[in-house]
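Have a look at the structure below, then the notes.
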Amino acid sequence: MAPVDPHSFTDSTQPLTTHISSVTLLSLPTPYTGPFTLSLLCDRPTFPFPDTPAVHVKYTAKLNVPSQLSAIMSARHVERRPRCCLRGELGSREVGPRTRVYAEAAPEVLDATAKEFAGTEEMIQVGEKIFRPYNWERFDLLVLPPSFPFGGMENPRMVFLTPTVIKGDTSGAQVVAHELAHSWTGNLITNKNNDHFWLNEDTPAVRVKYTSKLNVPSQLSAVMAAGHVERSGPFQSEGQGVCEDSVWCGDDRVEEEFVMEQPIPPYLFAFVVGELGSREVGPRTRVYAEAVPEVLDSAAREFAGTEEMIQMGEKLFGPYDWERFDLLVLPSSFPH
């Protein structure tokens with residue numbers, strides 16, 4: 001095994017990486033019967049492996065599986081003779097030049113998955129503009145059974161997702177955007193040890209101020225846990241010679257600008273885009289919800305006493321420091 005990287009960061013091309021070859025056998029009763037199943041096989045059950053992010057490995061793997069099943073892996077497929085790997089009754093849909101979505105081999109499941117993540121290639125292109133060219137060739141997505149305990153897992157080349165991200169309105173793509181970011185921060189550049197895991201995710205120990213510009217369809221609204229500066233646009237299309245980026249430009253696009261002037265932990269960075277309406281319920285509070293009058297009226301009535309609660313908090317703790325205390329009523333799929 002290669003020695004631990006002595007630098008603060010490791011990356012997948014540095015000379016201390018090593019190579020591992022693995023062969024795994026999967027056997028099932030014959031004839032095969034039963035429901036759709038997926039078996040998760042990770043590093044440590046397969047071979048002894050240092051549990052540290054400071055060691056990067058290259059590997060080859062051969063999976064011996066029943067011929068009626070499919071196998072996919074967070075690695076490039078070489079051939080069918082026929083690191084985390086999945087086997088089961090899988091189907092797939094191509095949703096972009098670098099992305100195929102995999103899920104249970106049921107047409108309605110595959111269609112819903114393909115629709116939810118149809119914009120993945122645009123997200124990859126935006127990531128490349130912000131960071132550098134995408135380094136992993138493929139960015140495939142696998143929707144796992146409900147027992148998968150995480151929202152997503154950023155395996156290189158093959159992101160694992162919970163089925164709860166399939167919302168039917170493409171809003172589940174925000175989870176994919178998060179996992180995609182790990183293709184640069186986490187998978188390409190990795191923390192030396194778990195004391196610096198905040199490089200992968202975030203930590204309350206780091207606080208930031210920020211400005212943000214959200215480019216959204218003009219018929220939608222954007223709200224953010226930050227001060228709203230302005231809404232500008234529409235932006236003229238690329239064909240009119242005004243804008244060079246077709247992802248962001250178009251007569252139907254506007255830009256919402258926000259600013260957070262007080263340091264906050266990065267995990268409190270939050271925004272929502274949708275068909276939103278609002279009601280003012282106090283001098284420092286506006287409640288946002290689905291743009292349906294009865295929903296907005298109900299929300300405003302429910303939270304009409306918010307200013308009194310703020311004033312009570314100020315008597316106990318001191319002046320409220322954040323200028324606004326707005327409320328957003330999310331869909332029932334919101335998990336908290």
Side-chain angles (χ1 to χ4, degrees), residues 36 38 72 86 88 90-96 98-127 139-155 158-183 201 212 214-225 247-248 252-254 256 267-278 287-296 298-299 326-336:
F36 165 77
L38 290 167
I72 57 178
L86 277 296
L90 299 171
S92 66
R93 295 279 192 276
E94 200 79 27
V95 296
R98 292 178 276 191
T99 304
R100 179 174 286 270
V101 295
Y102 296 86
E104 179 183 356
E108 61 274 14
V109 175
L110 290 166
D111 291 344
T113 302
K115 178 182 177 182
E116 193 75 27
F117 304 125
T120 301
E121 177 61 26
E122 290 184 9
M123 290 192 289
I124 298 173
Q125 292 175 13
V126 170
F139 184 72
D140 294 328
L141 308 172
L142 172 66
V143 177
L144 289 156
S147 57
F148 182 60
F150 308 106
M153 182 61 208
E154 66 275 10
N155 307 303
M158 174 69 70
V159 168
F160 291 178
L161 296 166
T162 174
T164 60
V165 302
I166 309 298
K167 305 287 177 52
D169 59 3
T170 73
S171 62
Q174 62 182 315
V175 177
V176 172
H178 173 94
E179 306 306 336
L180 172 63
H182 285 303
S183 298
E201 303 291 348
S212 178
L214 305 181
N215 187 299
V216 302
S218 59
Q219 69 270 28
L220 301 183
S221 301
V223 295
M224 196 169 195
V247 175
W248 298 109
D252 61 343
R253 309 291 299 187
V254 297
E256 300 269 18
Y267 67 83
L268 293 178
F269 183 94
F271 68 90
V272 169
V273 177
E275 294 179 340
L276 300 171
S278 66
V287 60
Y288 295 86
E290 181 183 359
V292 176
E294 55 268 27
V295 174
L296 290 166
S298 178
D326 294 328
L327 307 172
L328 171 65
V329 179
L330 288 163
S332 55
S333 57
F334 183 62
H336 306 293

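Keep in mind that this is a model prediction, so the values were computed, not measured.
Closest approach of G151 and V165 over heavy atoms only: O-CG1, 4.2 Å. Closest heavy-atom contact between A291 and L296: CA-CD1, 4.3 Å. Scanning both residues, K115 and T170, for their nearest heavy atoms gives O-CG2, 3.7 Å. Summarising the geometry of A225 relative to L268, their closest heavy-atom pair is CB-O, 4.0 Å, with the distance given to 0.1 Å. Contact detail for V254 and S218: the closest heavy-atom pair is CG1-CB, 3.7 Å. Annotation for P163 and L144: closest pair CD-O, 2.9 Å, computed over non-hydrogen atoms.
At a threshold of 4.5 Å between non-hydrogen side-chain atoms, the residues V272 and L330 count as touching. In this structure the side chain of V95 never reaches within 4.5 angstrom of the side chain of R100, judged on heavy atoms. The shortest side-chain heavy-atom distance between F117 and L161 falls under the 4.5 Å cut-off. Between V295 and V329 the shortest side-chain heavy-atom distance does not fall below 4.5 Å. By the 4.5 Å heavy-atom criterion applied to side chains, T113 and I166 are counted as neighbours.
R253 contributes a side-chain N or O that, together with a main-chain N or O of N215, makes up a donor-acceptor pair within less than 3.5 Å. Under the 3.5 Å distance criterion, the side-chain polar atoms of T99 are matched with a main-chain donor or acceptor of F139. Checked by atom type and distance alone, the side chain of E116 pairs as donor or acceptor with a backbone atom of S171 at under 3.5 Å.
Counting heavy atoms of neighbouring residues, nucleotides and ligands inside a 6.0 Å radius, atom CZ of F269 exceeds 12 of them. Other residues, nucleotides and ligands contribute more than 12 heavy atoms inside 6.0 Å of the CD atom of E294.
Note that CG of L141 and OG of S92 are 11.5 Å apart. Values are rounded to the nearest 0.5 Å. Summarising the geometry, atom CD belonging to E275 is positioned 6.0 Å from atom CG belonging to L220; distances are rounded to the nearest 0.5 Å. Between the CG atom of D252 and the CD atom of Q219 there is a distance of 6.5 Å, given to the nearest 0.5 Å.
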Carefully, step by step, assess E104 and L90 under the rule side chain to side chain contact (heavy atoms under 4.5 Å, CB included).
CA-CA 5 Å; E104 179 183 356; L90 299 171; over 6 Å; no
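Shown here are the side chain to side chain contact (heavy atoms under 4.5 Å, CB included) partners of M123, two or more places apart in sequence or in another chain: T120, A173, V176, A177, L180.
In summary, E121 and R98 engage in a salt bridge, as defined by a charged side-chain N under 4.0 Å from a carboxylate O.
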